[in-house]
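Presented below is the structure to which this report refers.
Numbering starts at 1 and runs along the sequence shown.
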Amino acid sequence: MGDYPSRSVNATAGDLGVTPRHAQGAGYGGSPSNFDEPPRGGGGALPKKARFSIEAGFRGLSTASGAMVLVIIVAIAVFLISKAVPALQANTGDFLTQFEWAPNDTQPSFGIAALAFGTVLSSIIALVVAVPIALSIALFLSHYAPKRLATPLGFVIDLLAAVPSVVFGLWGRDVFQEPVRDFSIWLNKYFSWIPLFGGDGPFGQSIMLGGLVLAIMVLPIVTSLSREVFQQTPGMNEEAALALGATRWEMVRTAVLPYGKPGVIAAVMLGLGRALGETIALALTLSVAFDISFNLIENGGNSVAANIANSFAEANDTGRGALIASGLVLFAITLVVNMTARAIIYRRREFRDAAA
């Protein structure tokens, strides 16, 4: 008969006490003295030094970075207010409603109404023109174009964002102005009964020219961000729509666009922020006028940023304070736009998460 495994010396009839050496798994190469050691590689708490050093440092760095952004915003606001208050006290007109801009006179008189109107109107024109084109290009690159075409075309569109604004302004003034003037004359000839296209001229350096140049500048930003958002759509959503018999466009309409709507809103608001703060392009393409008019094709129009660029060099102390005060208004408009965009995005995110 062969040898049997040895039993422990205190084994009883109902207890087959196998020795620790036989209780270990087959192939275990360690000595019996290591049998009672806890398993390595998981289950235990990390040492305090590993738990709190890197993680706490990263958390502190992130918190400090977020707080620094708020501190910078508050510092900018304090600087603008402190520099604007003396000019506002010397102003003999109503800063919020007056159209005239004469802060360098003996009796300073200036208002932000016409500048704020031109800033908002040119930005709206830019978004109305750029957003549909940008979304169409983004959908084409993400869901329709073959990869060998989508990759270089997307790269070229991204390069447009790197072109300096002064180049866009010079191109708009010296090249794009003539076709816009011809188009404005055609609109005035056949659609002068619409107040937007009325007037007797001259045409060319109009709010339409400035808005179209802004649209070209905003286009690559909205296109790039929207394309990235559309590409993040879950593949299961798209495949489910196609499996139910949806066409390509129906799949995009029911699966891609609803999923990417918060991201598209963020892209549009970022483009709006770029349009609101644009300076040199509008300074080179608009014919300076301090009035409020909804006519898009006649020469005229102005914006806060363009007025600062055009007037800062010859401004006296009060004039510089007035320009800084107008910059404070632009700062407030930009903050309101961004806060509104964030509120819309969070609201839609909560709605989407609740629906899921």
Hey, is the main chain of [Y] close enough, under 3.5 Å, to the side chain of [X] for a donor-acceptor pair?
{"X": "R320", "Y": "A315", "result": "yes"}
{"X": "E278", "Y": "R274", "result": "no"}
{"X": "D105", "Y": "Q107", "result": "no"}
{"X": "N299", "Y": "Q205", "result": "yes"}
{"X": "T92", "Y": "P108", "result": "yes"}
{"X": "S122", "Y": "T119", "result": "yes"}
{"X": "N91", "Y": "F110", "result": "yes"}

Criterion side chain to side chain donor-acceptor pair (under 3.5 Å) on Q177 and T285, from CA distance to verdict: CA-CA 8 Å; Q177 179 180 345; T285 55; over 6 Å; no
With a 4.5 Å heavy-atom cut-off, do [X] and [Y] have their side chains touching?
{"X": "F168", "Y": "L284", "value": "no"}
{"X": "F331", "Y": "I73", "value": "yes"}
{"X": "F230", "Y": "S226", "value": "yes"}
{"X": "L257", "Y": "L139", "value": "yes"}

Linking I/L/V/M/F/W/Y whenever their side-chain heavy atoms sit closer than 4.5 Å, directly or via other members, would [X] and [Y] fall into one cluster?
{"X": "I292", "Y": "L276", "value": "yes"}
{"X": "V166", "Y": "L286", "value": "yes"}
{"X": "V131", "Y": "L270", "value": "no"}
{"X": "V213", "Y": "V120", "value": "no"}
{"X": "L160", "Y": "V129", "value": "no"}

After noting the C-alpha distance and the side-chain angles of T318 and N104, does the key distance pass the side chain to side chain contact (heavy atoms under 4.5 Å, CB included) rule? CA-CA 7 Å; T318 304; N104 298 321; 5.9 Å; no
Would you kindly say whether [X] and [Y] are connected by a side-chain donor-acceptor distance under 3.5 Å?
{"X": "N188", "Y": "S192", "answer": "no"}
{"X": "E298", "Y": "S293", "answer": "no"}
{"X": "Q231", "Y": "H143", "answer": "no"}
{"X": "S224", "Y": "D158", "answer": "yes"}

List the steps, then state whether side chain to side chain contact (heavy atoms under 4.5 Å, CB included) holds for I157 with L141. CA-CA 11 Å; I157 293 175; L141 295 178; 4.0 Å; yes
On the 0 to 90° scale, with breaks at 30° and 60°, tag the W186-F183 ring pair as parallel, tilted or perpendicular.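 W186 and F183: parallel rings.
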Are the ring centres of F294 and F117 closer than 6.0 Å?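 Judged by ring-centre distance (under 6.0 Å), F294 and F117 do meet the cut-off.
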Pairwise distance CG(L214) to CG(L127) - rounded to 0.5 angstrom: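 Taking CG in L214 and CG in L127, the distance rounds to 9.0 Å.
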Of I324, L323, V78, the residue whose pairing with K83 passes side chain to side chain contact (heavy atoms under 4.5 Å, CB included):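 Running side chain to side chain contact (heavy atoms under 4.5 Å, CB included) over I324, L323, V78 with K83 returns exactly one hit, I324.
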Work out which heavy atom in S82 is nearest to a heavy atom in P86; give both atom names and the distance.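 So the minimum-distance heavy-atom pair works out to O-CD, 3.3 Å.
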Between L282 and S303, what is the shortest heavy-atom contact and its length?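 Closest approach of L282 to S303, heavy atoms only: CD1-OG, 3.5 Å.
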Atom CD of residue position E178 - does it have more than 12 heavy atoms of other residues, nucleotides or ligands inside 6.0 Å?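 No.
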Step by step, would you call M208 with L187 a side chain to side chain contact (heavy atoms under 4.5 Å, CB included)? CA-CA 12 Å; M208 175 181 287; L187 287 174; 3.9 Å; yes
Let me see the working for N302 and W101 under side chain to side chain contact (heavy atoms under 4.5 Å, CB included), right down to the final yes or no. CA-CA 11 Å; N302 207 341; W101 187 266; over 6 Å; no
